[in-house]
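A, B, ... follow the sequence lines: proteins, then strands. Residue 1 opens every chain. Worth knowing before you read on, the calculation uses all heavy atoms, side chains too, and leaves out hydrogens, waters and symmetry mates.
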Amino acid sequence: MSDKKVRVRFAPSPTGGLHLGGVRTVLFNYLFAKKHKGDFVLRIEDTDQSRYVDGAEEYILDCLKWCGLIPDESPVVDGHYAPYRQSERKSLYREYAEKLVREGHAYYAFDTPEELDKNRKEIPNFQYGHFYRDSLRNSLSLKQHEVDQLLDAGEPHVIRIKMPEDETISFNDMIRGYVSFETNQVDDKVLLKADGMPTYHLAVVVDDYLMKITHAFRGEEWLPSAPVHLLLWEYLGWKADMPQWAHLPLILKPDGHGKLSKRDGARLGFPVYAMNWFDAKTGELTPGFRELGFLPEAFLNLLAMLGWNDGTDNEIFTLDELISKFSIERVNKGGAKFDFEKAKWFNAEWIKRTSAESLKDKVKAVLEDKGVDVKDDSYLLKIIDVIKERCTLLADFYQQAAYFFEVPKEYDINSVKPKWSDTKTDFFNTLIAVLKNETAIDAVVFEQQFKALMEEKGLKAGDVMLPFRIMLVGGKFGPHVFDIAALLGKDETINRIEQALAVFNG
RNA sequence: GGCCCGUUCGUCUAGGGGUUAGGACGUUAGAUUUUCAUUCUAGAAACAGGGGUUCGAUUCCCCUACGGGCUACCA
């Protein structure tokens with residue numbers, strides 16, 4: 001590694017929701033940058049106008065914000081390398097493409113998409129490369145004056161790289177080590193499209209160079225086009241400044257085969273996007289981890305463990321810990337199948353480890369969203385402490401906390417009714433009397449009183465504990481009953497016993 | 001089809017020439033909690049196959065198989 005300041009970039013194209021694999025790429029970029037006190041740049045690769053989706057860029061920014069992976073430079077945070085949207089850099093690329101043409105490393109091609117499609121269909125293994133390019137319409141096969149004529153006439157054309165023959169292109173990938181390709185096998189990729197926009201191939205190289213990117217992380221699906229990029233760095237005369245490449249393993253479908261896609265999420269019932277994504281065209285809402293009730297800390301944590309570990313048995317890491325422990329050498333080569341069960345475990349762990357105070361706002365939002373009015377924050381805090389260990393997702397806080405704010409709407413009557421008796425009614429009426437003599441409920445004292453009364457009436461814990469829980473909670477869940485009673489307070493506890501009694505005896 | 005990349009329990013993975021191949025999720029059984037969850041204990045569960053190299057390979061090399069990616073004027 002040189003002594004240059006580390007600069008990495010995440011370069012998504014704004015075509016829709018942000019996939020969890022994308023977030024992992026961001027994360028590894030970010031961890032590497034911060035570990036080396038470098039810069040993390042967000043660059044929007046919007047060179048395909050036909051795929052541009054309104055709102056996708058803001059969405060990406062929001063996702064990064066939610067995750068806490070804030071770019072040092074982006075379309076909204078200026079560094080010294082603006083603009084950060086490739087569509088706004090359009091005029092820049094042509095000059096480099098023309099330079100390549102002048103120097104014999106690229107050429108104009110006038111073939112229409114239809115002609116090429118036809119060739120691909122009719123000729124087995126057709127490639128726009130050294131074998132066929134002489135028989136196609138381009139500045140290599142046509143006479144100079146014909147080319148000039150076409151150009152002057154404004155004939156639509158693209159600029160293609162001219163892949164050399166019989167060369168071996170190799171490089172040292174930070175994750176995979178030595179990787180090599182035969183140039184005869186790779187085709188003459190389009191560099192500049194007919195609409196004047198660069199393709200990804202030209203744009204990454206030009207922008208990585210101009211933005212002084214030192215390390216380039218991307219998914220493994222880019223590996224096959226690496227030789228094109230390597231050659232471009234060389235032909236443009238920038239080889240000494242080429243970033244070090246790292247091709248990350250893919251995140252795979254949990255079942256079956258292939259890359260994880262948003263369709264898999266819908267099919268298997270879990271989110272694939274970081275946050276909800278609403279497609280205005282189709283009206284389709286693709287769910288996100290955030291809205292499902294994941295904590296960003298847990299989301300990042302689980303993503304980090306998909307392909308990386310620190311060599312110990314530890315699996316729970318804060319962002320700061322990840323930054324200090326991250327090393328690219330410990331990133332795996334093989335793809336990882338996504339396991340939603342384990343993802344939920346990470347979230348449950350994070351909820352347990354997060355203080356009630358830090359959880360407060362998010363829990364409050366969940367409750368208020370369900371119509372629960374939270375007036376007293378300190379009351380909420382006590383509730384969170386007593387229920388958080390039984391919540392896996394933030395949404396679970398509703399079921400676990402709702403009864404602290406409102407009388408149960410329904411009782412799990414079937415768990416009570418079959419064994420209900422007058423003795424039990426008597427027990428609870430006496431319990432109300434006991435309670436009325438107290439000024440407040442103390443969980444420990446109340447439990448003693450409850451049990452003493454129980455014995456006095458000749459009842460066993462199994463006879464009244466569950467009914468009591470159902471009186472207060474409505475169902476068979478929640479923390480210790482006496483803690484619930486204490487939190488509810490004397491008056492409300494009495495109130496709930498009375499109300500439930502009416503129902504049970506009704 | 002061609003090219004490239006990969007392969008340790010069901011899943012995520014540690015390990016690495018000589019180990020009882022370790023951990024986690026999930027799962028099974030028990031304990032605790034007369035709710036549910038948590039927690040705890042125990043169990044089942046893996047080096048794709050074949051050749052080398054070696055005194056010895058799961059570990060190094062080769063081949064095969066399997067899996068994945070790419071093969072657009074998409075990224």
Within this structure, what is the [atom1]-to-[atom2] distance between [X] and [N], rounded to whole angstrom?
X      : N     : atom1 : atom2 : result
A/L252 : B/G69 : CG    : P     : 7 Å
A/F338 : B/U13 : CZ    : P     : 13 Å
A/D117 : B/U71 : CG    : P     : 14 Å
A/R176 : B/C70 : CZ    : C1'   : 13 Å
A/Q399 : B/A37 : CD    : C1'   : 11 Å
A/L191 : B/A75 : CG    : C1'   : 15 Å
A/Y403 : B/A37 : OH    : P     : 14 Å
A/H480 : B/U34 : NE2   : C1'   : 12 Å

With both distances under 3.5 angstrom, what nucleotide forms a Watson-Crick or G-U wobble pair with [N]?
N     : value
B/C40 : B/G30
B/U53 : none
B/A45 : none
B/G6  : B/C66

Using a heavy-atom cut-off of under 4.0 Å over every strand shown, decide if [X] touches base, sugar-phosphate, or nothing.
X      : result
A/A461 : base
A/R218 : nothing
A/V473 : nothing
A/G475 : nothing
A/G334 : sugar-phosphate
A/S180 : sugar-phosphate
A/P12  : nothing
A/D396 : nothing
A/V190 : sugar-phosphate
A/E341 : sugar-phosphate
A/T15  : nothing
A/G307 : sugar-phosphate
A/K344 : nothing

Is there a side-chain contact between [X] and the phosphate of [N], meaning an N or O under 4.0 Å from OP1 or OP2?
X      : N     : result
A/R469 : B/C36 : no
A/R330 : B/G15 : yes
A/K337 : B/G10 : no
A/K259 : B/C70 : yes
A/K193 : B/C74 : yes

Using the side-chain heavy atoms of [X], tell me which of these nucleotides is nearest: [options].
X      : options             : value
A/T47  : B/U35, B/A75, B/G68 : B/A75
A/L306 : B/U35, B/C12, B/U38 : B/C12
A/A336 : B/C73, B/U13, B/U38 : B/U13
A/R120 : B/U39, B/A72, B/C74 : B/A72
A/E349 : B/U71, B/C4, B/U39  : B/U39
A/E220 : B/A75, B/G68, B/G22 : B/G68
A/N332 : B/C73, B/U34, B/U13 : B/U13
A/L116 : B/C4, B/C73, B/G6   : B/C73
A/Q185 : B/C5, B/U39, B/G2   : B/G2
A/N309 : B/C73, B/G6, B/A14  : B/A14

* Run the salt-bridge test on A/D264 and A/K262 with the 4.0 Å N-O cut-off and return the result as yes or no. =>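 No salt bridge links A/D264 with A/K262.
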* Asked: Taking NZ, NE, NH1 and NH2 as the nitrogens, is one of them in A/D463 or A/K419 under 4.0 Å from a carboxylate oxygen of the other?
  -> no
* Asked: Is there a donor and acceptor pair, one atom on the side chain of A/N125 and one on the base of B/G2, closer than 3.5 Å?
  -> no
* Asked: Has the side chain of A/K342 got a donor or acceptor that lies under 3.5 Å from a partner of the other kind on the base of B/A24?
  ->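 When only heavy-atom distances are counted, A/K342 does reach the base of B/A24 through a donor-acceptor pair under 3.5 Å.
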Suppose you measure atom [atom1] in [N] against the same atom in [M]; what distance do you get, rounded to whole Å?
N     : M     : atom1 : value
B/C47 : B/G10 : C1'   : 16 Å
B/C60 : B/G18 : C1'   : 15 Å
B/G6  : B/U64 : P     : 16 Å
B/U54 : B/C61 : C1'   : 12 Å
B/G2  : B/U8  : P     : 25 Å
B/U11 : B/U53 : P     : 34 Å
B/U20 : B/G52 : C1'   : 29 Å
B/A42 : B/U35 : P     : 24 Å

Give a yes or no on whether the ring-centroid distance for [X] and [Y] is below 6.0 angstrom.
X      : Y      : value
A/H229 : A/F171 : no
A/F40  : A/F10  : no
A/F317 : A/W308 : yes
A/Y411 : A/F504 : yes

* To do: Before giving the answer on ring pair (Phe, Tyr, Trp, His ring centres under 6.0 Å), spell out for A/F28 and A/F326 the whole-Å C-alpha distance, their side-chain angles and the decisive distance to 0.1 Å.
  => CA-CA 8 Å; A/F28 285 9; A/F326 186 76; 5.3 Å; yes
* Pairwise side-chain contact, A/V473 with A/I484, heavy-atom cut-off 4.5 Å (strictly under) ->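 Of all side-chain heavy-atom pairs linking A/I484 with A/V473, at least one is under 4.5 Å.
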* **Earlier contact from the 5' end, RNA chain B, for A/W345 and A/D339** => A/D339
* So which one's nearest nucleotide on RNA chain B is more toward 5', A/E315 or A/D48? ->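 Nearest nucleotide further toward 5': that of A/E315.
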* Asked: Is A/K370 close enough and on-axis enough to A/Y398, meaning under 6.0 Å and within 45°, for cation-pi?
  -> yes
* Asked: Nearest 0.5 Å, what's the OG-CG distance between A/S74 and A/L61?
  -> 5.5 Å
